[in-house]
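Side-chain atoms are counted along with the backbone in the values below, which use heavy atoms only and exclude waters and symmetry mates.
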Amino acid sequence: LLTTFLLTVFVDLTIAVSTGVVLAAGFFIHRISTRFLPSEGRKNPELRHLYQEVQDVPNILLYELSGPLFFGVAAELESRIQHARGEILILDLRQVSHVDATAINALEIIIGRVLKNHGKVYLSSLQPHIRQKFAHLGILQHIGGEHSAPESLATAIQRAKSDLHL
């Protein structure tokens, strides 16, 4: 705001407004990008018991994603979600409102790495429009069909434990 004001006074209104819009967009993307952090159950207190249930299971990784997944968070998504050979990755997507092509690409890379390392992926609690998009793009089929995209987190955890014979 101060930059825009100073540019208005000392330079030109057109340059000030243009600079203000660019700065606002940059700050917005930065804020949204840093807001997205895959967490391990810290965001949703109602589901904390489910996260604690798998916390001591060594081969299950559970991440809660929230907000829009778009180009601003795609690289962060890819670098933060790590896994080891044979692990089961559960992504709780109940609070994801939008997924763009860049984030879908990042998810496909993550899924590819997990499957290549003989792991399994569950995409839990997908919003209907995101489920439809993933089905249309073949992502659900790639991870094992509708069985690998359960409606609830509890079901995903139950299926993951069953896969590990727990």
Side-chain angles (χ1 to χ4, degrees), residues 27-166:
F27 286 134
F28 171 76
I29 290 171
H30 176 71
R31 188 176 76 233
I32 293 295
S33 297
T34 56
R35 191 188 108 192
F36 164 79
L37 294 174
S39 68
E40 296 170 10
R42 292 181 286 275
K43 290 185 181 181
N44 194 338
E46 298 164 3
L47 301 174
R48 193 166 287 143
H49 70 282
L50 291 173
Y51 287 90
Q52 290 171 347
E53 184 179 329
V54 297
Q55 189 172 9
D56 296 328
V57 180
N59 290 331
I60 297 178
L61 291 175
L62 175 56
Y63 289 99
E64 177 184 16
L65 307 180
S66 63
L69 300 182
F70 65 108
F71 68 91
V73 299
E76 186 74 17
L77 176 69
E78 197 175 328
S79 68
R80 290 240 181 185
I81 297 179
Q82 300 296 323
H83 62 280
R85 186 171 183 80
E87 285 184 325
I88 297 174
L89 175 65
I90 301 173
L91 298 177
D92 180 7
L93 302 169
R94 89 180 57 254
Q95 295 180 16
V96 173
S97 57
H98 174 75
V99 182
D100 78 353
T102 310
I104 288 173
N105 185 50
L107 282 172
E108 287 176 326
I109 290 170
I110 292 166
I111 289 168
R113 284 192 308 217
V114 172
L115 296 178
K116 184 179 177 185
N117 287 329
H118 306 287
K120 190 163 176 80
V121 178
Y122 287 100
L123 302 176
S124 162
S125 310
L126 294 168
Q127 300 290 334
H129 65 283
I130 294 174
R131 177 181 295 278
Q132 184 179 11
K133 184 183 287 188
F134 284 3
H136 177 72
L137 294 171
I139 294 172
L140 296 183
Q141 191 63 29
H142 185 62
I143 63 171
E146 288 292 327
H147 178 78
S148 296
E151 295 289 331
S152 73
L153 180 58
T155 304
I157 292 171
Q158 179 184 8
R159 289 178 184 171
K161 284 183 169 184
S162 175
D163 291 342
L164 295 172
H165 307 291
L166 298 177

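- When side chains are defined from C-beta on, Tyr122 does not count as touching Ile157, because their heavy atoms never get closer than 4.5 Å.
- The shortest distance between side-chain heavy atoms of Val96 and Ile130 falls below 4.5 Å.
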Report, one line per pair, each donor and acceptor closer than 3.5 Å where one atom sits in a side chain of residues 109-118; sequence neighbours left out.
from, atom 1, to, atom 2, distance (Å)
Arg113, NH2, Glu78, O, 3.2
Asn117, ND2, His83, NE2, 3.3
Asn117, ND2, Arg113, O, 3.3
His118, NE2, Arg85, NH2, 3.1

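- Interatomic distance, Leu137 CG to Gln132 CD, rounded to the nearest 0.5 Å: 10.5 Å.
- Between Lys120 atom NZ and Ile60 atom CD1 the span is 12.0 Å, to the nearest 0.5 Å.
- A donor-acceptor pair under 3.5 Å is formed between the side chain of Glu87 and the backbone N or O of Ala84.
- Legend: residues meeting side-chain hydrogen bond (donor to acceptor under 3.5 Å, both in side chains) with Glu146, ordered by chain and number and at least two apart, are Arg131.
- Proximity of Val99 to Leu93: side-chain heavy atoms (C-beta onward) are nowhere separated by under 4.5 Å.
- Going from atom CG of Leu140 over to atom NZ of Lys133 covers 12.5 Å, rounded to the nearest 0.5 Å.
- Few gaps surround CD on Gln82; more than 12 heavy atoms of other groups in view lie less than 6.0 Å from it.
- Residues Lys161 and Gln158 form no side-chain contact, since every pair of their non-hydrogen atoms from C-beta on lies 4.5 Å or further apart.
- Between Leu77 and Leu65, some side-chain heavy-atom pair lies under the 4.5 Å cut-off.
- Nearest heavy atom pair, residue Pro150 against residue Arg159, reads CB-NH1, 3.6 Å.
- Of all the heavy atoms in Ala103 and Asp100, the pair that sits closest is N-OD1, 3.0 Å.
- Residues Leu91 and Ile81 meet the side-chain proximity criterion, which asks for heavy atoms closer than 4.5 Å.
- Annotation for Glu108: atom CD counts as buried by contact number, over 12 foreign heavy atoms lying within 6.0 Å.
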- I would like to know whether Phe134 and Leu107 meet side chain to side chain contact (heavy atoms under 4.5 Å, CB included); could you show each step before the answer? CA-CA 10 Å; Phe134 284 3; Leu107 282 172; 3.7 Å; yes
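- Annotation: side chain of Ile88 is not in contact with side chain of Val57 (no heavy-atom distance under 4.5 Å).
- The distance from the OG atom of Ser125 to the CG atom of Leu153 is 5.5 Å, given to the nearest 0.5 Å.
- The heavy-atom pair separating Gln95 from Ser66 by the smallest distance is OE1-CB, 3.5 Å.
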- Could you go through the side chain to side chain contact (heavy atoms under 4.5 Å, CB included) check for Asp92 and Leu50 one step at a time? CA-CA 11 Å; Asp92 180 7; Leu50 291 173; over 6 Å; no
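- Of all heavy-atom pairs between Val121 and Ser148, the closest is O-CB, 3.6 Å.
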